[in-house]
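Report on the following structure.
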Amino acid sequence: MDAKSFKESTTLGGGKVNPHISQYSTVQFEDVVAASRMAARKMKKDHRAKAKKHPRHHLHPFEKRYSSLSEKNKLIPEKKCIDYVLIYTKNHEIDSSESNKIEQEKKANYRQRFEEKLKKEGFTIDEYEAHDHVYVKLYCPFKRLCKEAERVKLEMPLKDCKIPEPPPVGFIQKFADKYLETDGDIADFVSAPFRMSKIHLFDGHEDPGNFFRPSIRSLLVHHILINIDIASERKEKNKTKNGIDAVQQEESRCLELCKSIVCFCKSAPLQPVDEQSGKAVKKKGLQFLLMKNVYTDTLVLHDELTKTDLPSDTQTVDKRKELDQKWSRFYKFQPMWQIRNYFGEKIGLYFAWTGVLITTLWIPMLFGVAVFIYGLYESLTDTATKPNATSLGLQDVLEDVKEAFDNDVTPFFALFICCWGTIFLEVWKRRCSFLAYEWDVDQFETNEPDRPQFYGTVVKRDPITDSLAWFYPFKLQLLKFSTSAAVLIFMVCVVVASVFAVIVYRVIMNIDYCPDLPNKECLLLTTIVSSILNAVSILILGKIYDKLAVVLTDWENHRTQTSYDDSLIIKLFAFQFVNSYASCFYVAFLRGNGSLFKDRYVDTCEGSCMAQLSFQILTLMIIKPFPKFFKDIGLPLLKKILICLRRLCCQKNQVELTEENSAQQSQELFLERERLKPDLDDFTMGEYTEKVILYGFLMLFACSFPLAPLMAIVICLIDIRVDAKRLLYLFRRPIAHIAEDIGMWYNILNFVNFVGVLTNAFIIAFTSSWGSQFDITGKLAVVIGFEHIVFILKFLLAYLIPDVSEDVKLAIRREKYLVQRKMDNESKPINDFTKLYPDEVINEEDSENDEKKDASPARRKRHRKGNKKPVDEETEVQQINAFDEVSEIQDVPKMHSTFSTSDSRLVTKPKKNSYIDSVFHLKFRSSSFHKI
């Protein structure tokens, strides 16, 4: 557009010329047009330079979202909290040998490289020394936590997708919700796998400090630390004489061993694969550093709660005290949501399983008490009706109590308990599916990451990701499983042999030596010495077997933590099964039914074997929890008392400190106190083993001890509260591991139920007084009839009770729908189907093409033709200033705006042949004009 046509285009209606423009001559208009073009070019250039300096359109959606929240002042500042603590001991240089110096330098080198890796990951590291230890406090940034949450596919609640609580139905549910419920203030949300690009869809993302609860923060940081690899940054400093790193020699030897079946190397982790060379790169993470004593210990801190525990820069909410107050009440439900939020799903599922066990045991408990009262009445009646019965002494009462367990109703009680075992497992499956849905872990095992300790010997293409990865051959793993099974069977045989040896000793001493000795010496040689021998053998074999089971499970090289735990559970439970029930099986089926190796060595029961079995089970159920109680409560309390006494003695010699020093000392004492607490190790492993052994006493020998359900309820109620105290106060905080269910323990419970049907059938037929009325054929008929009836009833119960309730199925379907609708709302609907894409769209490619056109020689040539004299910078500024004098231009055509779907930015694009109009619009868009 030249100056003349531009002047004509500014005429108003009726042929009148705009008075603000008509005062300029054609030459002046030429200057104005040239200046406007220069101004537009300069503005476009400045805009591109600014875009390159601050490339907002190149930001990740996660960064865009938080930059937008920050600009709108809606972003809550992230709080700094201690996510993890690493501990190592200071070197006092007591051993000044050359080898010790090299070892200390190597450890310092490892620490330096590991902490450099952490800093690259965004961690903030703070160190301080206390006594002989150095505490390395780690603070993980929110963005790195989000990256790890996306990697492990963590389920997080969606925004504005709260699941409403169904109204209570019936009087019982209303009463329970009002007086027994402890999780009424917890809200449940629809959840989806976390994605950083969709951060705006998740609830609470405006508050990065509280987006992840503390237990999840510690779990994510733990995942980061065990997967950080410092092997790629190996510095060749400490060389051997042959010029090869000693550690590299050790790892090469280990890798060669791991290719065979004889590898017991603990430092054989999963090797990342170099895609170009196809060679393995040894991974060295936190567990490798702990094994090498680079770091001696790790800590996950409790939520601070007491006056002495509370550092100045941490939370002030006493979460542990709040949880303890709800958890310690016997007459209320357990606060399952708060337990899960504080300790994780794995520990939460254990307490939920124990709660279901207690709840379902109330009816068997009432039935068992009724059976015992009936048997006691029958026994006392028979004793009173005897001709020579006078007054009953204490010994007679004890004999009547023993005989009360064996009566005519015990077979029906055994049948009821066997069916109850199936009902309990079906109820638990429904409860577990409900909790897995509510806690958003129902797909955890599908997405479970590999263990860092897993290693492979064959490099193959991953069928899912199509990238190179290490695999372990199935043949080698099958051979390892077979070897582990053989070792397991051998150790079980050793346990059986030890128990049998103690029995032989007791029988021989009782028959050959006791007749010539006083009663006290006989009691000492038989009962007391045999019990000590049995306890010593159990203790020694138990310690050996526990370590051997761990070594074998490590050697089997499991890919995931779930499969590793399942394998270890089978090994440990097999030993505990034989160890706990061997004496009971001996009393029930072998004692009094024949000689050991000569006719004179016969081990007879005192009274009836049924009464002896009942007394044996009663003794084991009462005595067995005491060693665990002393280990879990007694020893930690003694240690805590000694630490407090030592601290009091040290404080007598201390001078008064300022507030700043006092706060620093408070934090140091807090970390020191947490370090001195004992470690929980695998909490659920020991607790499940104890409860399943208790469940075995209840199921395997139900007909011999009807009071077993009552004993189990009392023990579980006390144990839950004891475990709550030691988890909250006496022990370190465990890693909040995620679990979908109770794992292999469910299969073990099924196995116990199956064996319980057989043992109860044989006890009823061959041991009880009710079965003594039949001959051998009748006894076998009782066994076959009993187990057929029970198995049919168990099958019908398992078939009729669904594993997942209809409410949970409907909730899962609705959640999928809500998640899909939430995702669909993010994309705008398409209404114009005539064209593939809108015409008025500018993207980065158009901008780059414009730059290329402006820089092309032809463009520069045409520009020189239109402007005979090149315009320097000073002339350009003068023209722009003259152009700024034009004001209040009327009827300026508006810009046409389009919304670019490619990068979601508002882009302005002028119509064709309206370049000057767009320039005027850019220049006079505001009420006052400013010079460029």
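- A distance-only check finds no donor-acceptor pair linking the side chain of S567 to the backbone of S563 [under 3.5 Å].
- Across I347 and P734, no two heavy atoms sit closer than the pair CD1-CG, 3.6 Å.
- Scanning for ring pair (Phe, Tyr, Trp, His ring centres under 6.0 Å) contacts around F705 gives F405, with sequence neighbours left out.
- Proximity of the aromatic rings of F444 and H737 is defined here by a centroid distance below 6.0 angstrom, and this criterion is not met.
- Among pairs with a residue in residues 413-437, those fulfilling salt bridge (charged side-chain N to carboxylate O under 4.0 Å, His left out) read E426-K429, K429-D803, at least two apart in sequence or across chains.
- Between W327 and R721, the closest heavy-atom pair is O-NE, 3.2 Å.
- At most 12 heavy atoms of other shown residues, nucleotides or ligands fall within 6.0 angstrom of atom CZ in F795.
- The distance between the ring centers of Y688 and Y350 falls below 6.0 angstrom.
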Legend entry - side chain to side chain contact (heavy atoms under 4.5 Å, CB included) between M491 and L548, worked out: CA-CA 10 Å; M491 290 301 298; L548 184 60; 4.0 Å; yes
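- For I172, the CD1 atom sits in a loose shell: 12 or fewer heavy atoms of surrounding residues, nucleotides or ligands are nearer than 6.0 Å.
- Note that CD of E556 is 5.0 Å distant from OG1 of T553, once rounded to the nearest 0.5 Å.
- Under the 6.0 Å cut-off for aromatic ring centres, W428 and F424 do not qualify, their centroids lying 6.0 Å or more apart.
- When the ring pair (Phe, Tyr, Trp, His ring centres under 6.0 Å) test is applied to Y581, the partners found at least two apart in sequence or on another chain are F577, F697.
- For the atom pair CG of L568 and CG of L552, the computed distance is 10.0 Å after rounding to the nearest 0.5 Å.
- Here S484 contributes atom OG and I489 contributes atom CD1; the two are 11.0 Å apart, rounded to the nearest 0.5 Å.
- Counting heavy atoms of neighbouring residues, nucleotides and ligands inside a 6.0 Å radius, atom CD1 of I363 does not exceed 12 of them.
- The number of heavy atoms from other shown groups lying within 6.0 Å of OH (Y799) does not exceed 12.
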Inset, instruction - Decide side chain to side chain contact (heavy atoms under 4.5 Å, CB included) for F766 and V782; before the verdict, give the C-alpha distance in whole Å, the side-chain angles of both, and the deciding distance to 0.1 Å. - result: CA-CA 10 Å; F766 291 93; V782 169; over 6 Å; no
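- For residues 757-769, the side-chain hydrogen bond (donor to acceptor under 3.5 Å, both in side chains) pairs, not counting sequence neighbours, are D406-S769.
- Considering all non-hydrogen atoms of both residues, A414 and A702 come closest at CA-CB, 4.5 Å.
- I715 places none of its side-chain heavy atoms less than 4.5 Å from the side chain of K691.
- Side-chain contact between K346 and I738 is absent, with no heavy atoms from C-beta onward closer than 4.5 Å.
- Scanning all heavy atoms of the two residues, the minimum distance from P709 to L361 falls at CB-CD2, 4.1 Å.
- Not counting sequence neighbours, the partners of F791 by the ring pair (Phe, Tyr, Trp, His ring centres under 6.0 Å) test are F754.
- Between T354 and D723 there is no side-chain heavy-atom pair separated by less than 4.5 Å.
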Legend entry - Derivation of the side chain to side chain donor-acceptor pair (under 3.5 Å) call for N753 and Y695: CA-CA 9 Å; N753 285 351; Y695 180 82; 2.6 Å; yes
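- Contact of the L698 side chain with the M711 side chain is not registered, since no non-hydrogen atoms from C-beta on lie closer than 4.5 Å.
- For the residue pair D682 and T684, a side-chain donor N or O sits within less than 3.5 Å of a side-chain acceptor on the partner.
- Closest heavy-atom contact between F333 and A176: CE1-CB, 4.1 Å.
- Aromatic ring centroids of F585 and F701 lie under 6.0 Å apart.
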Inset, instruction - Begin with the C-alpha distance, continue with both residues' side-chain angles, and end with the deciding distance and a verdict on side chain to side chain contact (heavy atoms under 4.5 Å, CB included) for L727 and F351. - result: CA-CA 12 Å; L727 278 172; F351 284 105; 3.7 Å; yes
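- The main-chain N or O of E403 is never found under 3.5 Å from a side-chain atom of S379 such that the two would form a donor-acceptor pair.
- Checked for salt-bridge contact, K571 and D566 miss the test: no charged N lies under 4.0 Å from a carboxylate O.
- A distance of 8.0 Å separates CZ in F573 from OG in S580, rounded to the nearest 0.5 Å.
- A distance of 10.0 Å separates CH2 in W439 from CZ in F434, rounded to the nearest 0.5 Å.
- The aromatic rings of Y545 and F575 sit parallel, their planes meeting at an angle under 30°, below the 60° perpendicular limit.
- Residues passing the ring pair (Phe, Tyr, Trp, His ring centres under 6.0 Å) test with F416, sequence neighbours excluded: F367.
- For the pairing with I622, the side-chain contact (heavy atoms from CB on, under 4.5 Å) check across T619, L620, L618 returns one residue only, L618.
- Put simply, the side chain of L613 reaches to within 4.5 Å of the side chain of C584, judged on heavy atoms.
- Within a 6.0 Å radius of NZ in K174, other residues, nucleotides and ligands contribute 12 heavy atoms or fewer.
- Panel note: side chain W420, backbone L415; no donor-acceptor pair is recorded below 3.5 Å.
- Of all the heavy atoms in V371 and P706, the pair that sits closest is CG1-CG, 3.9 Å.
- The backbone N or O of L180 lies less than 3.5 Å from no partner atom in the side chain of R329, so there is not a single donor-acceptor pair.
- A cation-pi arrangement is present between R726 and F731, with the terminal nitrogen or guanidinium carbon under 6.0 Å from the aromatic centre and inside a 45° cone about the axis.
- A distance of 11.5 Å separates CD in Q612 from OG in S704, rounded to the nearest 0.5 Å.
- With salt bridges taken as basic N to acidic carboxylate O contacts below 4.0 Å, none links E181 and K326.
- Counting heavy atoms of neighbouring residues, nucleotides and ligands inside a 6.0 Å radius, atom CZ of F774 exceeds 12 of them.
- In this structure, the side chains of D741 and Y746 stay at 4.5 Å or more apart for every pair of heavy atoms.
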Legend entry - Criterion side chain to side chain contact (heavy atoms under 4.5 Å, CB included) on K779 and V783, from CA distance to verdict: CA-CA 6 Å; K779 291 179 178 180; V783 171; 5.7 Å; no
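- At a threshold of 4.5 Å between non-hydrogen side-chain atoms, the residues Y586 and V499 do not count as touching.
- Using a 4.5 Å heavy-atom cutoff, the side chains of M621 and L694 are in contact.
- At distances below 3.5 Å, not a single donor-acceptor pair connects side-chain atoms of E345 with backbone N or O atoms of E740.
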